[in-house]
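Everything below concerns the one structure shown next.
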Amino acid sequence: MAFSLPHFPAQTLTAPTAITQFPDNPKTLILKQCKTIKDLNQIHAHLIKTRLIHNPRVAENLLESAAILIPDIPMDYPISIFEKLEEPDSAAYNLMIRFFTLKQSPNEAILLFNEMCERSVRPDEFTFPCILKACSKLHALKEGEQILALIMKYGFGTDGFAVNALLGLFASCGKVEVARHVFDGMPERSVVTWNSMFSGYTGSGCWEEVVGLFRKMLEMEVGFDEVTLVCVLKACGRLAEIELGEWIHEYVEANGLKGNPALVTSLVDMYSKCGRVDTARRLFDEMPRRDFVAWSAMISGYGQASRHREALELVHVMQKTNIEPTEVTMVSILFSCAVLGALETGKWVHSYVMKKRMKLTVTLGTALMDLYLKCGSVGNAIEVFRKMPSKNVFSWTVLIQGLANNGQGKKAIGFFHSMVEKNITPNNVTFVAVLCACSHAGLVDEGRGFFASMNRDFDIEPMIEHYGCMVDILGRAGCIEEAYEFINNMPIQPNAVIWRTLLASCRVHKNVEIGERSLKNVVRLESAHSGDYILLSNIYASVGRLEDAVRVRNQIKEEGIKKMPGCSVIEMDGIIHEFFSEDNIHPDSEEVYNATENMMKKIKLAGYVPNTSGARLDAEEDDKESSISHHSEKLAIAFGLIRTSPGTTIRITKNLRVCMDCHNATKMISKVFDREIVVRDRNRFHHFKDGSCSCNDYW
DNA sequence: GCTGCTCTGC
């Protein structure tokens with residue numbers, strides 16, 4: 001990629017000076033060197049003693065130090081100085097407006113601006129950028145427009161700072177076109193002007209525009225700075241623009257900018273989102289100081305790359321540092337916990353959130369609910385839901401989908417009705433969740449009703465996912481012919497997922513003819529998985545056509561179709577243990593195999609009969625039995641039995657669907673060993689207890 | 001002296 005390297009503005013460094021002694025005649029300069037509230041208190045006392053405080057210029061400098069220069073100052077300190085001013089001028093008001101905006105009280109800033117106008121204090125050129133920033137924070141477009149009128153009235157319409165701030169206001173309110181209009185009309189643009197435009201595009205998710213504008217900037221040989229690069233990197237990540245991202249990385253290296261944590265964190269984020277998480281990790285490891293944002297970015301980077309185990313390993317490293325994670329960090333951690341089904345780590349996050357009294361934001365609350373629902377802890381999820389001070393359509397959707405997956409379809413539908421009653425408008429994802437609930441609960445007529453309602457009552461056009469849900473509803477309930485007709489009459493082209501869904505229903509209801517046609521359609525639309533062939537093979541086996549069953553199985557080998565190895569995961573003391581079918585990768589695999597054998601012996605005594613119809617049909621009976629007894633979830637359950645104390649619930653997460661034999665075996669295990677076992681497969685949950693399963697053998 | 005700054009859930 002050929003870019004010209006524009007000149008990069010030099011950084012200015014100001015070395016902080018400690019106040020060591022007190023001059024007899026304090027100059028305002030001293031005040032600006034105050035770094036702590038203690039310094040300020042000393043000077044303040046001195047000014048009162050010497051009555052210098054009554055000098056308006058001195059008092060104003062004191063106010064500036066208190067309001068702007070000292071971090072973490074109590075709110076009332078600058079307020080009390082301001083209130084003692086006899087006749088505050090525009091400069092004093094400006095300082096206070098900036099102070100309130102800085103301290104996240106933009107409302108107070110606007111009130112003060114009103115007071116300023118009422119007291120007929122004439123605003124100066126510094127007033128408008130300050131007050132517009134307060135409006136930006138509040139997304140107060142109306143107020144901003146009134147201020148625009150005042151800017152023109154007082155003749156600051158050509159002031160660069162005022163126009164920049166105005167541009168920033170439009171940008172932050174999502175009015176990117178208006179902002180761009182202002183931008184294009186400006187005779188001169190500073191780097192801040194460009195950055196305001198970038199940040200507006202970024203805030204509205206206009207990633208292409210960010211990259212386009214940056215290329216224009218390079219063409220015009222306009223100097224950019226670190227803030228520009230942060231915005232552009234964010235866009236590169238979303239667009240997977242790895243080439244531009246790498247170019248920026250080179251630029252950062254060449255210009256010695258790796259000391260800027262925000263910039264390097266943006267690089268980490270960009271590389272993660274472009275799928276180059278190892279490069280991201282290298283940069284992260286090289287950072288001299290890693291703040292909580294850097295940790296959050298790296299943890300979420302692993303999550304987005306589906307490398308959840310590494311995400312949680314990094315969390316354990318972070319716990320050993322002094323870094324205080326925030327709500328944002330917690331959301332990323334919870335996401336990985338939820339995917340893995342890592343309930344222990346997730347519960348640690350929850351207790352940490354409570355201990356630190358973190359705000360239960362919509363995002364955090366929803367992520368917590370998602371964790372509990374994906375770990376099969378429905379009660380905990382509902383408790384979080386009830387405690388959330390505000391909920392949005394995501395929160396409701398997560399709850400409905402989660403209940404559906406946990407076999408509580410009717411409850412899920414109940415929550416959908418209360419959501420509508422509370423005037424939360426469902427979106428298309430909500431309807432996927434609702435239809436899923438109908439499918440898991442076997443509610444055919446309700447499903448038809450919701451499908452019809454989404455377009456009629458909510459103006460949502462059904463998408464391929466919704467059609468897929470309907471096929472699943474009809475197929476699972478045994479209406480195979482109707483499902484087949486439904487697919488043929490769909491107004492959109494069916495995809496492989498749709499046909500795969502019907503194929504799975506044909507397996508349950510032993511429909512050979514439509515099963516064969518479904519597989520043909522899957523193969524026609526995309527390269528089929530081994531699982532698709534196994535489904536058809538099992539259909540043949542279930543109606544006694546063993547030769548056909550073997551033939552289809554052999555096709556997998558002959559045609560070199562990739563097999564997805566079965567994998568089950570169990571968490572123990574925060575460590576994720578993975579088991580694959582018939583593998584011995586796990587460090588304790590000998591012990592695990594022995595435990596599995598014992599477990600199988602015990603349940604056989606209690607009446608379990610191996611069901612080998614899902615095993616390789618060309619194998620000898622003994623081999624078949626041994627092969628199915630080494631399915632990954634049996635290994636994981638056996639490991640759980642020997643490593644946890646009696647009575648503890650065993651939680652397994654697996655990547656494929658549960659096979660018939662494992663389902664039967666697990667029911668028996670739950671009875672013989674008196675354990676609750678929760679298995680999350682790729683579609684839904686199975687809660688095993690006392691020899692039965694929450695899915696009522698319908699999955 | 002003012003304006004722009006990275007990490008989040010289906």
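Each chain gets a letter, A, B and so on, in the order its sequence line appears, and its residues count up from 1.
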Legend entry - Interatomic distance, A/N94 CG vs B/dC2 C1' [rounded to whole Å]: 8 Å
Inset, instruction - For A/V192, report the nucleic acid contact type (base, sugar-phosphate, nothing); a contact means any heavy atom under 4.0 Å. - result: base
Inset, instruction - Scan A/V293 against the nucleic acid and name what it touches under 4.0 Å (heavy atoms): base, sugar-phosphate only, or nothing. - result: base
Inset, instruction - With the side chain of A/S199 defined as its heavy atoms from C-beta on, choose the nearest nucleotide among B/dT3, B/dC5, B/dG9. - result: B/dC5
Inset, instruction - Would you kindly give the CG-to-P distance between A/D370 and B/dG9, to the nearest whole Å? - result: 10 Å
Legend entry - Distance in angstrom units between A/Y201 OH and B/dC5 C1', rounded: 19 Å
Inset, instruction - Select one nucleotide: of B/dG4, B/dC10, B/dT8, the one nearest the side-chain heavy atoms of A/V227. - result: B/dG4
Legend entry - A/R238 vs B/dC7: side-chain N/O to OP1/OP2 distance below 4.0 Å: yes
Legend entry - Beyond-backbone contact of A/Y201 with A/F214, side-chain heavy atoms, under 4.5 angstrom: no
Inset, instruction - Output yes when a side-chain donor or acceptor of A/K137 lies under 3.5 Å from a complementary backbone atom of A/T101, and no otherwise. - result: yes
Inset, instruction - Pick base, sugar-phosphate or nothing for A/N427, based on heavy-atom distances below 4.0 Å to the nucleic acid. - result: nothing
Inset, instruction - Quick one: label A/K273 by what it contacts on the DNA or RNA (base, sugar-phosphate, nothing), any heavy atom closer than 4.0 Å. - result: sugar-phosphate
Legend entry - Minimum-distance nucleotide to A/Q304 side chain [options: B/dG4, B/dC10, B/dT8]: B/dT8
Legend entry - Side-chain heavy-atom pair A/L167, A/M197 within 4.5 angstrom cut-off: yes
Inset, instruction - Examine the base of B/dT6 for any acceptor or donor lying under 3.5 Å from a partner atom in the side chain of A/S266, and report the outcome as yes or no. - result: no
Legend entry - 4.5 Å side-chain heavy-atom contact, A/L371 and A/N380: no
Legend entry - Out of B/dG4, B/dT6, B/dC10, whichever nucleotide has its closest atom nearest the side chain of A/F394: B/dC10
Legend entry - Separation of atom CZ in A/F335 from atom P in B/dC10, rounded to whole Å: 5 Å
Inset, instruction - Return the value, rounded to whole Å, for the distance between atom OH of A/Y154 and atom P of B/dC2. - result: 23 Å
Inset, instruction - Return no unless some side-chain N or O of A/S300 is found under 4.0 Å from OP1 or OP2 of B/dT8. - result: yes
Inset, instruction - Rounded to the nearest angstrom, tell me the gap between atom CD1 in A/I147 and atom C1' in B/dC2. - result: 14 Å
Inset, instruction - Check the distance between B/dC7's P and A/M287's CE and give it to me in whole angstrom. - result: 13 Å
Inset, instruction - Quick one: label A/E327 by what it contacts on the DNA or RNA (base, sugar-phosphate, nothing), any heavy atom closer than 4.0 Å. - result: nothing
Inset, instruction - Assign A/V362 to base, sugar-phosphate, or nothing according to its heavy-atom contacts below 4.0 angstrom with the strands shown. - result: base
Inset, instruction - Would you please confirm or rule out a distance under 4.0 Å between OP1 or OP2 of B/dC5 and any side-chain N or O of A/K234? - result: no
Legend entry - Selected nucleotide, minimal atom distance to A/F161 side chain, candidates B/dG9, B/dT6, B/dC2: B/dC2
Legend entry - Nucleotide B/dT6, atom C1' - distance to NE2 of A/H249 in whole Å: 16 Å
Inset, instruction - Report yes if at least one side-chain N or O of A/S196 is closer than 4.0 Å to OP1 or OP2 of B/dT3; otherwise report no. - result: no
Inset, instruction - Look at the aromatic rings of A/Y352 and A/W348 and report parallel, tilted or perpendicular, splitting at 30° and 60°. - result: tilted
Inset, instruction - Go through the N and O atoms of the side chain of A/S296 and the base of B/dC7, and report whether any donor-acceptor pair is under 3.5 Å. - result: yes
Legend entry - Ionic contact status for A/K359 with A/E327, cut-off 4.0 Å: no
Inset, instruction - For B/dT3, take OP1 and OP2 only and decide whether either is under 4.0 Å from a side-chain N or O of A/K137. - result: no
